[in-house]
Amino acid sequence: MGTVAQDSGALTPRAADFPRWYQEVVAQAELAENGPVRGTMVIRPWGFAIWELLQSELDRRIKAAGAQNAYFPLFIPEQFLQLEASHVEGFKPELWVVTHGGGAPLEEPVVVRPTSETVVNHFFAKWIHSHRDLPLLINQWSNVVRWELRTRLFLRTSEFLWQEGHTAHATEAEASAYAVRILEDVYRDVTEGVMGIPTLVGHKTARERFAGAVRTWTCEGMMGDGKALQLGTSHELGDNFARAFGTTFSDPTGATRYVFQTSWGVSTRLVGGLIMVHGDDYGLRLPPALAPRHVVVMVVRAGESTGKAAAAVADDLASRGLRVHLDDRAEPSFGRRAIDWERKGVPVRVELGPREVAEGTAILVTRHDRAKTPVALAGLADAVVEALDTTARRLYQEALAFREARLRRVATVAEAIEAAASGFAVLPAASLDAGGEDRLAEAGVTVRCLQRDDGSLAPDDGDDLVAVVGRAY
RNA sequence: CGGGGCGUAGCGCAGUCUGGUUAGCGCACGUGCUUUGGGAGCACGAGGUCCCCGGUUCAAAUCCGGGCGCCCCGACCA
């Protein structure tokens, strides 16, 4: 029954079997496990704490971009979905539909939201009357539910948690600018600056575009097996939904006009990306900003003197504003406890035994390189702060070096397919004409994004652009 | 929806072909002692509708019929 043993033995080396390694890390770091209904996920406390930290980083930036949080219902009238043609077409295969309630068939079935553009627009149409009501910038934190054939914890589950932003603007240019702003100031900033994942940005080809969007922006990361993971997307919806739902406003001249909209989201999938980018053969490695505990103070031999010393060190570190956990358990053995914290990805451990207590030192262990350094207690807090700083920098640098080593600039579709076996290929967008994208798809390779040659965003498709292609999750 | 496989203790499995004492092993769990500087050892212990329903039989985890559930591999997707 293919489930991963919860216990002990060493992890499967990452290079030996990446998917298996991933499953084992998720299980043994106690991040999540499967729910009783196929495709569902239980997020365990350690995993959820990581998500909460991510949430607060995202939420702060979303609010800084002017959006307000609100909440829309889980259930959506089936008819709503049908109002926007390409939207319903895109989501039809993924819908869960509730047909019964109170023990009897419902008169009109309701769908469980796969995303909320439709309900949101129903209310936007009601709330927006004047150009003075614009822009309307709304975000919601919620769960969404989609039928999925093949699921993987965090990466693809039938139900997942996310944030979805929905905005309405007076002009297309303003909507466009806002979608890009979210991509850059929220998603790229969080994935690179907080998660330490180097990110490629661009827009999707028509084939990869969100159902109902006129343009989809994306940030893409390279995972530890060379495959791409879409980390966040930001859509320009044009006036497609506005026309479908009659979301109009009176402009300053008194003319009735459709609003232009955006929607954008990132999900608990980010946690999966974090694992796949930074994890190593010893388990998870967390960037300090997302570590539920920055530092664990471990007692090496439980005893009165070590216990007291460790508690004092933990208090001292906590007073510096660090998230500290004191592990002064006598059981299980020291090695067992050390490995457990290592697997959970805690960036720094401070180990204190009788020897250190006698010397007035502690052992500082950095998770990212597993290095151990004796440090005088007097300078410990500074050393920990510095180690956290180094950890954040090094994780990003390692991920960047990995991506650079596996990114090849090529000239043809054939070369791109070959390069995608181990990483990304960058090829002239012009070579995608004449069925190039189809030939990639036949080889299991997709266009992750289109961008300018220098990696910057391009306003439109064009032959002067490059396509970043690869295998993807 | 096609192809393959599996349901036995919390988890992972053996036992099923060839029916026969009290259904077993590893891990995890509980208690005690010895341990504790990188995955502790020993002893004792607790834990089971053998997926469900029916049939065959003196006797079913095992054989037969039916059902249910799950996993893996192929076409969509944050």
Side-chain angles (χ1 to χ4, degrees), chain A residues 1-11 19-20 23-24 27-28 33-41 89-95 113-117 142-152 154-165 187 204 207-211 213 216 218-221 228-235 263-273 282-283 298-303 306 327-343 349 351-358 362-363 365 370 372 374 441-442 444 446 472-473:
Chain A
M1 292 245 316
T3 34
V4 175
Q6 297 242 339
D7 149 66
S8 11
L11 293 168
R20 186 183 175 90
Q23 279 192 284
E24 289 177 358
Q28 295 190 11
E33 55 193 82
N34 288 308
V37 170
R38 170 197 167 72
T40 59
M41 164 167 66
E89 208 45 51
F91 277 103
K92 212 172 190 170
E94 300 190 58
L95 293 183
R113 64 175 164 226
T115 180
S116 302
E117 275 76 5
S142 70
N143 58 342
V144 284
V145 177
R146 300 175 184 183
W147 186 260
E148 294 290 351
L149 297 175
R150 210 186 147 197
T151 61
R152 291 231 254 173
F154 290 115
L155 300 175
R156 169 153 300 111
T157 47
S158 280
E159 179 190 7
F160 56 88
L161 306 182
W162 76 348
Q163 121 326 275
E164 51 177 322
Y187 297 160
K204 291 288 189 186
R207 164 191 205 121
E208 301 283 331
R209 198 180 287 154
F210 176 74
T216 288
T218 180
C219 33
E220 302 276 332
L229 183 72
Q230 178 174 296
L231 298 165
T233 53
S234 184
H235 313 292
S263 69
W264 26 276
V266 294
S267 71
T268 38
R269 165 181 273 191
L270 289 178
V271 178
Y282 304 96
M298 290 187 65
V299 171
V300 176
R301 284 165 181 263
T306 50
D327 181 359
D328 58 358
R329 292 172 294 171
E331 299 284 341
S333 67
F334 171 75
R336 171 83 263 171
R337 289 182 287 133
I339 283 164
D340 285 347
W341 292 119
E342 182 172 72
R343 281 189 176 158
R349 294 202 309 279
E351 301 177 353
L352 264 174
R355 207 180 301 156
E356 286 74 36
V357 171
I363 309 284
V365 191
R370 302 178 81 230
K372 299 186 176 188
E442 282 165 27
T446 51
Y473 280 95

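Naming: A, B, ... by sequence-line order, numbering from 1 per chain.
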Options B/rG37, B/rG39, B/rA78, nucleotide nearest the side-chain atoms of A/R355: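 Looking only at side-chain atoms, A/R355 lies closest to B/rG37.
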Residue A/R301, side-chain atoms from C-beta onward, closest of B/rG37, B/rG38, B/rA78: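 Among B/rG37, B/rG38, B/rA78, the one nearest the side chain of A/R301 is B/rG37.
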Once hydrogens and angles are ignored, does a donor-acceptor distance under 3.5 Å link the base of [N] to the side chain of [X]?
X: A/E351; N: B/rG37; answer: no
X: A/E356; N: B/rG37; answer: yes
X: A/R349; N: B/rG38; answer: yes
X: A/K372; N: B/rG38; answer: yes

Using whole Å, report how far [atom1] of [X] lies from [atom2] of [N].
X: A/N34; N: B/rC70; atom1: CG; atom2: P; result: 12 Å
X: A/R329; N: B/rG38; atom1: CZ; atom2: C1'; result: 14 Å
X: A/Q23; N: B/rC11; atom1: CD; atom2: P; result: 16 Å

A/S263 and A/H235 side chains, donor-acceptor separation under 3.5 Å: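 Their side chains do not contain a donor-acceptor pair, so the 3.5 Å distance test is not met.
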Any A/Y187 side-chain heavy atom under 4.5 Å of A/W264 side chain: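 Touching, per the 4.5 Å side-chain cut-off.
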First of A/E208 and A/I339 reached from the 5' end of RNA chain B, by closest nucleotide: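 Residue closer to the 5' terminus by nearest nucleotide: A/I339.
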RNA chain B: 5'-proximal contact among A/P93 and A/T151 (nearest heavy atom):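 Its nearest nucleotide lies further toward 5', so the answer is A/T151.
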Pairing partner (Watson-Crick or G-U wobble, both distances under 3.5 angstrom) of B/rC1: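 Looking at the geometry, B/rC1 pairs with B/rG74.
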Contact summary for A/Y282 and A/R370, nearest pair of heavy atoms: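 The answer is CZ-NH1, 3.1 Å.
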Pairwise C1' distance, B/rA61 and B/rG24 [rounded to whole Å]: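 Approximately 12 Å lies between the C1' atom of B/rG24 and that of B/rA61.
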C1' spacing across the pair B/rU21 / B/rC68, given as an integer number of angstrom: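 Rounded to whole Å, the distance is 33 Å.
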Touch class at under 4.0 angstrom, heavy-atom based, for A/K92 against every strand present: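 No contact.
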Sugar-phosphate only, base, or nothing, as touched by A/E148 at under 4.0 Å among non-hydrogen atoms: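 Counting heavy atoms under 4.0 Å across all strands, the contact made by A/E148 includes a base.
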Whether A/F334 stacks on the six-membered ring of B/rG37 base, 5.5 Å and 30° limits: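 Answer is no, no stack.
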Main-chain N/O of A/R150 paired to A/R156 side chain as donor or acceptor, under 3.5 Å: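 Answer holds: no.
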Test item: A/R146 side-chain N/O and A/P114 main-chain N/O as donor-acceptor pair under 3.5 Å: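 Such a contact is found between A/R146 side chain and A/P114 backbone.
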Side-chain N or O of A/R150 closer than 4.0 Å to phosphate OP1/OP2 of B/rC73: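 Checking A/R150 against B/rC73: at least one side-chain N or O falls below 4.0 Å of OP1 or OP2.
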With A/F91 via ring pair (Phe, Tyr, Trp, His ring centres under 6.0 Å) - residues at least two apart: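 Partners of A/F91 by the ring pair (Phe, Tyr, Trp, His ring centres under 6.0 Å) criterion, ordered by chain and then number, come out as A/H87, A/F210.
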Partners meeting side chain to side chain contact (heavy atoms under 4.5 Å, CB included) with A/Q230 (sequence neighbours left out):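 Result, side chain to side chain contact (heavy atoms under 4.5 Å, CB included) vs A/Q230: A/K204, A/T218, A/E220, A/T233, A/R269, A/R448.
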Pull out every protein N or O sitting under 3.5 Å from an N or O of nucleotides 29-34 of chain B, one pair per line with the distance.
none

